[in-house]
Amino acid sequence: VQLVESGGGSVQAGGSLSLSCAASGIIFSFNVMGWYRQAPGKQRESVATMSRSGRANYAEFVKGRFTISRDNAKKTVYLQMNSLEPEDTAVYYCYADGTQRFWGQGTQVTVSS
């Protein structure tokens, strides 16, 4: 199973970016899918998660700004990021829980002030 991310980039504060993460390989379905991020010199932290049934959970620091969604048929998870702040600058990693936890390769998000 491979997770391939896309959609990172650079944006000014207040802007928006959309990330996607598509899974390929032989797997029937995933349980939880979600996103972590890691800023330079900091530990990796959870950003948002979504269960297979569509229940979402968000870190406090992104509530009201980020939206997670998923398409189970496409085995894809998305992260819509609005009102971005410089503090959101990080490498964003998607993951998917199946027989084990699978990780994407990471995509850089840079927010300038």
Side-chain angles (χ1 to χ4, degrees):
V1 175
Q2 277 192 317
L3 301 183
V4 179
E5 303 178 30
S6 60
S10 297
V11 66
Q12 288 191 325
S16 298
L17 283 173
S18 182
L19 306 181
S20 63
C21 171
S24 62
I26 302 174
I27 188 163
F28 179 66
S29 66
F30 296 109
N31 293 320
V32 175
M33 300 181 79
W35 296 87
Y36 272 71
R37 72 185 187 185
Q38 188 167 20
K42 295 187 177 181
Q43 288 189 327
R44 191 176 293 194
E45 58 186 359
S46 179
V47 175
T49 65
M50 179 165 274
S51 69
R52 185 162 51 192
S53 63
R55 179 175 297 178
N57 282 289
Y58 297 94
E60 284 296 325
F61 51 79
V62 302
K63 279 185 179 178
R65 301 189 298 123
F66 291 11
T67 302
I68 187 172
S69 59
R70 61 188 281 178
D71 184 327
N72 291 330
K74 294 183 178 180
K75 299 175 187 175
T76 300
V77 63
Y78 307 93
L79 187 67
Q80 177 64 40
M81 304 184 292
N82 298 328
S83 302
L84 283 161
E85 303 167 352
E87 293 74 20
D88 295 316
T89 295
V91 177
Y92 284 70
Y93 298 90
C94 67
Y95 74 91
D97 287 341
T99 54
Q100 63 185 70
R101 175 161 288 187
F102 302 96
W103 289 94
Q105 80 281 6
T107 186
Q108 177 70 46
V109 171
T110 302
V111 185
S112 58
S113 56

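Since the model is a prediction, treat every value here as computed from it, not as a measurement.
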For Gln105 and Val4, which heavy atoms make the closest approach, and how far apart are they? OE1-CA, 3.8 Å

With rounding to the nearest 0.5 angstrom, report the SG to CE distance, Cys94 to Met33. 7.0 Å

From Ser46 OG over to Tyr58 OH, what is the distance, rounded to the nearest 0.5 angstrom? 11.5 Å

Atom NZ of Lys75 and atom CZ of Phe30: how far apart are they, to the nearest 0.5 Å? 6.5 Å

Could you tell me how the ring of Tyr95 sits relative to the ring of Trp103: parallel (under 30°), tilted (30 to 60°) or perpendicular (over 60°)? tilted

Ala56 and Ile68: which non-hydrogen atoms are nearest, and at how many Å? CB-CG2, 3.8 Å

Taking atom CG of Leu79 and atom OG1 of Thr107, what is their separation to the nearest 0.5 Å? 11.0 Å

Closest approach of Ser69 to Met50 (non-hydrogen atoms, all atoms of both residues): CA-SD, 3.8 Å

Pairwise side-chain contact, Val111 with Val109, heavy-atom cut-off 4.5 Å (strictly under): yes

Could you grab the distance from atom CD of Glu87 to atom OG of Ser113, nearest 0.5 Å is fine? 9.0 Å

Members sharing Tyr78's hydrophobic cluster (side chains within less than 4.5 Å): none

Could you list all the side-chain hydrogen bond (donor to acceptor under 3.5 Å, both in side chains) pairs where at least one residue sits in residues 29-42, not counting sequence neighbours? Ser29-Arg52, Asn31-Arg52, Arg37-Glu45, Arg37-Asp88, Arg37-Tyr92

In chain order, what residues pass the salt bridge (charged side-chain N to carboxylate O under 4.0 Å, His left out) check against Asp97, with sequence neighbours excluded? Arg101

Using distance alone, with no hydrogens and no angle criterion, decide if Thr89 and Thr110 have a side-chain donor and acceptor under 3.5 Å apart. no

Side-chain contact test, heavy atoms from C-beta onward, threshold under 4.5 Å: evaluate it for Arg65 versus Met81 and give yes or no. no

Side-chain heavy atoms under 4.5 angstrom apart, residues restricted to Ile, Leu, Val, Met, Phe, Trp, Tyr: same cluster for Leu3 and Leu19? yes

Does any N or O in the side chain of Glu85 come within less than 3.5 Å of the main-chain N or O of Ala13, such that one atom is a donor and the other an acceptor? no

In the structure I gave you, are the side-chain heavy atoms of Leu84 and Phe66 within less than 4.5 Å of one another anywhere? yes

So does Ser53 get a backbone contact from the side chain of Arg70, meaning a donor-acceptor N/O pair under 3.5 Å? no

Nearest 0.5 Å, please: how far is OG1 in Thr49 from CZ in Arg55? 10.5 Å

Same cluster (ILVMFWY, side-chain, under 4.5 Å), Val11 and Phe61: yes

Does one side chain, of Ser16 or Asn82, offer a donor that lies under 3.5 Å from an acceptor on the other? yes

